[in-house]
Amino acid sequence: MKAIELQHPGGIDNLRLVERLMPEPGRQEMIIKVKATALNYRDVEIARGSYHTAFALPLVPLSDGVGEVVAVGAEVTRFKVGDRVCATFWQRWIGGSFAMAEPSYQRGGPIDGLLSEFARLDEQAAVLAPEHLSDVEAATLPCAAVTAWHALFTEGRLKPGETVLSLGTGGVSLFAVQFAAAAGARVIVTSSSDDKLTRAKALGAHDGINYRSDPDWASAVLALTGGLGADHIIEVGGPQSFAQSLRASARGALNVIGYLGGSEGAVNPLDIFRRQVRARGIPVGSRESFEAMNRALAVNRLTPVIDKVLPWREAASAFRHLEHGSPFGKVVLDHMQ
């Protein structure tokens with residue numbers, strides 16, 4: 001079968017199309033024909049060698065994807081040939097606390113991802129794809145969607161009428177907008193683009209703040225909420241936004257998800273004390289969160305926001321688009337092209 005490997009550290013140009021042996025299913029394993037995969041910023045960092053953890057190479061990238069089960073091994077009970085499944089990011093985090101996750105079993109690094117024609121999955125590390133979604137749409141779910149769901153519902157216990165502040169218009173942020181709006185929350189979104197704010201409102205956001213024309217956006221959030229602040233914040237910017245997120249927070253939770261603005265910065269602990277903020281890291285989520293999210297997607301007929309779709313052999317172009325293109329939604333690779 002064909003696969004795309006990252007063969008050397010240090011850049012997207014080190015992605016290579018290669019021939020690999022066709023995988024065989026072991027006990028409680030299955031083989032899927034990959035239909036589509038989706039990129040996350042983590043994948044870009046791994047490719048260019050700036051991720052906080054170095055992985056052994058060569059490595060097949062991408063944790064997120066969907067495929068059709070074409071073969072099953074002995075004692076497989078959760079799926080059958082013909083089922084359409086999404087892989088989970090954490091291969092051994094079924095449910096419960098993050099203590100159940102094992103770092104050495106993350107797909108797309110350190111274990112091979114799905115940027116290939118076929119892939120072998122443990123039956124416990126997959127979920128049925130929502131029937132109403134296309135392959136391209138379903139491929140976006142394992143990281144970005146589960147992260148937003150885990151932050152707002154599994155950890156956040158979001159209630160109708162609460163306020164959610166979602167920073168930016170990337171994959172996680174837009175899933176948070178959709179989920180929060182469907183749950184009856186008030187949603188505030190930030191962006192440097194008025195056009196993107198208009199598009200986010202079409203997805204369910206109630207208010208938008210352009211942080212380029214209004215750089216003191218924390219004050220704008222407080223003004224919109226009568227000084228109370230946001231009950232849930234989807235924080236993806238890191239040091240460039242963290243201080244303002246603290247100021248914009250109610251006595252709720254600041255969900256630390258990304259660090260698009262870098263990893264160096266300073267926090268005034270008095271801001272945490274004054275607002276009585278709870279800050280927590282959100283490392284995607286468990287299979288249990290994934291399955292709960294899929295039920296909500298099906299009931300509400302929600303569809304992911306797709307920014308760009310490319311043939312899977314053009315993976316390098318997709319990586320560059322995510323790195324430099326400031327996408328609105330997810331970047332996806334179609335393995336049927």
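Residue numbers count from 1 along this sequence.
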Going through the distances and angles, do D83 and L128 end up as a side chain to side chain contact (heavy atoms under 4.5 Å, CB included)? CA-CA 7 Å; D83 283 344; L128 286 171; 4.0 Å; yes
From the list E117, E137, E68, salt bridge (Lys or Arg N to Asp or Glu O under 4.0 Å) partner of K35 resolves to E68
Is there a side-chain contact between I32 and R120, using heavy atoms and a 4.5 Å cut-off? no
Heavy-atom nearest pair, A36 first then V332, reads CB-CG1, 4.4 Å
Any donor-acceptor pair under 3.5 Å linking the side chain of S286 with the backbone of S289? yes
Spatial distance of atom OG1 (T88) from atom CG (L141) [nearest 0.5 Å]: 12.5 Å
Any side-chain heavy-atom pair from L62 and L333 closer than 4.5 angstrom? yes
Rounded to the nearest 0.5 Å, what's the gap from CD1 on I12 to OG on S317? Could you check? 9.5 Å
Do the charged groups of R20 and D112 touch, with an N to O distance under 4.0 Å? yes
Go through the steps for Q91 and I111 under the test side chain to side chain contact (heavy atoms under 4.5 Å, CB included), then give the verdict. CA-CA 10 Å; Q91 298 290 281; I111 66 174; 3.6 Å; yes
Any link between F328 and V309 through a network of hydrophobic side chains (Ile, Leu, Val, Met, Phe, Trp, Tyr) touching at under 4.5 Å? no
For F179 and W149, I'd like to know if the aromatic rings sit close, meaning centre-to-centre distance below 6.0 Å. yes
Residue pair V72 / K80, side-chain heavy-atom distance below 4.5 Å: no
Checking R42 side chain against L39 main chain: does a donor-acceptor pair fall under 3.5 Å? no
Between H335 (side chain) and F118 (backbone), is there a donor-acceptor pair under 3.5 Å? no
Could you walk me through whether V172 and I234 satisfy the side chain to side chain contact (heavy atoms under 4.5 Å, CB included) test, starting with their C-alpha distance in whole Å, then the side-chain angles of each, then the deciding distance to 0.1 Å, before giving a yes or no? CA-CA 8 Å; V172 176; I234 302 299; 4.0 Å; yes
Exercise: identify the closest heavy-atom pair between V221 and I188: CG1-CD1, 4.3 Å
Under a 4.5 Å cut-off applied to non-hydrogen side-chain atoms, are D334 and W312 in contact? no
Looking at every non-hydrogen atom in both residues, tell me the closest pair between A205 and V177 and how far apart they are. N-CG1, 3.8 Å
Rounded to the nearest 0.5 Å, what separates atom CD1 in I257 from atom OH in Y41? 16.0 Å
Taking the side chain from Q244 and the backbone from P215, do they hold a donor-acceptor pair closer than 3.5 Å? yes
Could you walk me through whether R247 and D216 pass salt bridge (Lys or Arg N to Asp or Glu O under 4.0 Å), step by step? CA-CA 10 Å; R247 288 179 47 224; D216 185 18; 3.1 Å; yes
Could you grab the distance from atom CG of L165 to atom OG1 of T225, nearest 0.5 Å is fine? 9.5 Å
Same hydrophobic cluster for V60 and I4, using side-chain heavy-atom links shorter than 4.5 Å among ILVMFWY? yes
Taking the side chain as every heavy atom from C-beta outward, state whether V256 and I282 have any pair of such atoms under 4.5 Å apart. no
Salt bridge check: are R301 and E131 linked by an N-O gap of less than 4.0 Å? no
Drop me the distance from T303's OG1 to L297's CG, to the nearest 0.5 angstrom. 9.0 Å
Counting neighbours of CD on E19 that are heavy atoms of other residues, nucleotides or ligands and sit closer than 6.0 Å, is the number greater than 12? yes
Residue pair L121 / E29, side-chain heavy-atom distance below 4.5 Å: no
Would R107 and F89 count as a cation-pi pair here, with the cationic atom under 6.0 angstrom from the ring centre and within 45° of the axis? no
Check whether T37 reaches the backbone of D64 with its side chain - one donor and one acceptor, N or O, closer than 3.5 Å. no
Is it the case that the side chain of R78 and the backbone of E123 share a donor-acceptor pair, with hydrogens and angles ignored and the cut-off at 3.5 Å? yes
Any side-chain donor-acceptor pair under 3.5 Å between Q106 and S63? no
Residues, nucleotides or ligands: over 12 heavy atoms within 6.0 Å of M336 CE: yes
So does D194 get a backbone contact from the side chain of T198, meaning a donor-acceptor N/O pair under 3.5 Å? yes
Do you know the tightest heavy-atom contact between C86 and P142? CB-CG, 4.4 Å
E75 vs R27, salt bridge (Lys or Arg N to Asp or Glu O under 4.0 Å): CA-CA, chis, key distance, verdict: CA-CA 6 Å; E75 301 180 31; R27 175 178 170 271; 3.1 Å; yes
Spell out, as yes or no, whether a donor-acceptor pair under 3.5 Å connects the side chain of N14 to the backbone of H8. yes
Validation row: L6, P58 side chains within 4.5 angstrom (heavy atoms): no
Other residues, nucleotides and ligands only: do more than 12 of their heavy atoms fall within 6.0 Å of CZ on R212? no
Are the ring centres of H150 and W90 closer than 6.0 Å? no
Heavy-atom closest pair, residues T140 and V136: CG2-O, 3.5 Å
May I ask whether W217 and V164 are part of the same hydrophobic cluster, defined by side-chain heavy atoms of I, L, V, M, F, W, Y residues being less than 4.5 angstrom apart, directly or through others? yes
Taking N255 as the fixed residue, which of R280, H232, E235, R278 is the one that meets the side-chain hydrogen bond (donor to acceptor under 3.5 Å, both in side chains) rule? R280
So that I can tick it off, tell me whether R287 and E291 are bridged by a salt bridge, with the cut-off set at under 4.0 angstrom between side-chain N and carboxylate O. yes
Any Lys/Arg nitrogen of D135 or R84 sitting under 4.0 Å from an Asp/Glu carboxylate oxygen of the other? yes
Taking the basic N atoms (NZ, or NE/NH1/NH2) and the acidic carboxylate oxygens, is any pair closer than 4.0 Å for D231 and R186? no
Using the rule that Ile, Leu, Val, Met, Phe, Trp and Tyr join whenever any side-chain heavy atoms are under 4.5 Å apart, tell me whether V69 and I31 fall into a single cluster. no
List the steps, then state whether side chain to side chain contact (heavy atoms under 4.5 Å, CB included) holds for D307 with K330. CA-CA 5 Å; D307 178 85; K330 296 294 291 181; over 6 Å; no
For the atom pair CD1 (I233) and OG (S166), what is the distance rounded to the nearest 0.5 Å? 10.5 Å
Taking E162 for its side chain and A185 for its backbone only, find out whether a donor-acceptor pair lies under 3.5 Å. no
Check whether D122 reaches the backbone of Q124 with its side chain - one donor and one acceptor, N or O, closer than 3.5 Å. yes
For the OH atom on Y105, are there more than 12 heavy atoms of other groups (residues, nucleotides or ligands in this structure) within a distance under 6.0 Å? no
Can you see which heavy atom on P311 is nearest to which on Q337, and at what distance? CG-OE1, 3.3 Å
In this structure, would M30 and V34 fall into the same cluster of hydrophobic residues linked by side-chain contacts under 4.5 Å? yes
Do V127 and V85 have side chains that get closer than 4.5 Å, going by heavy atoms? no
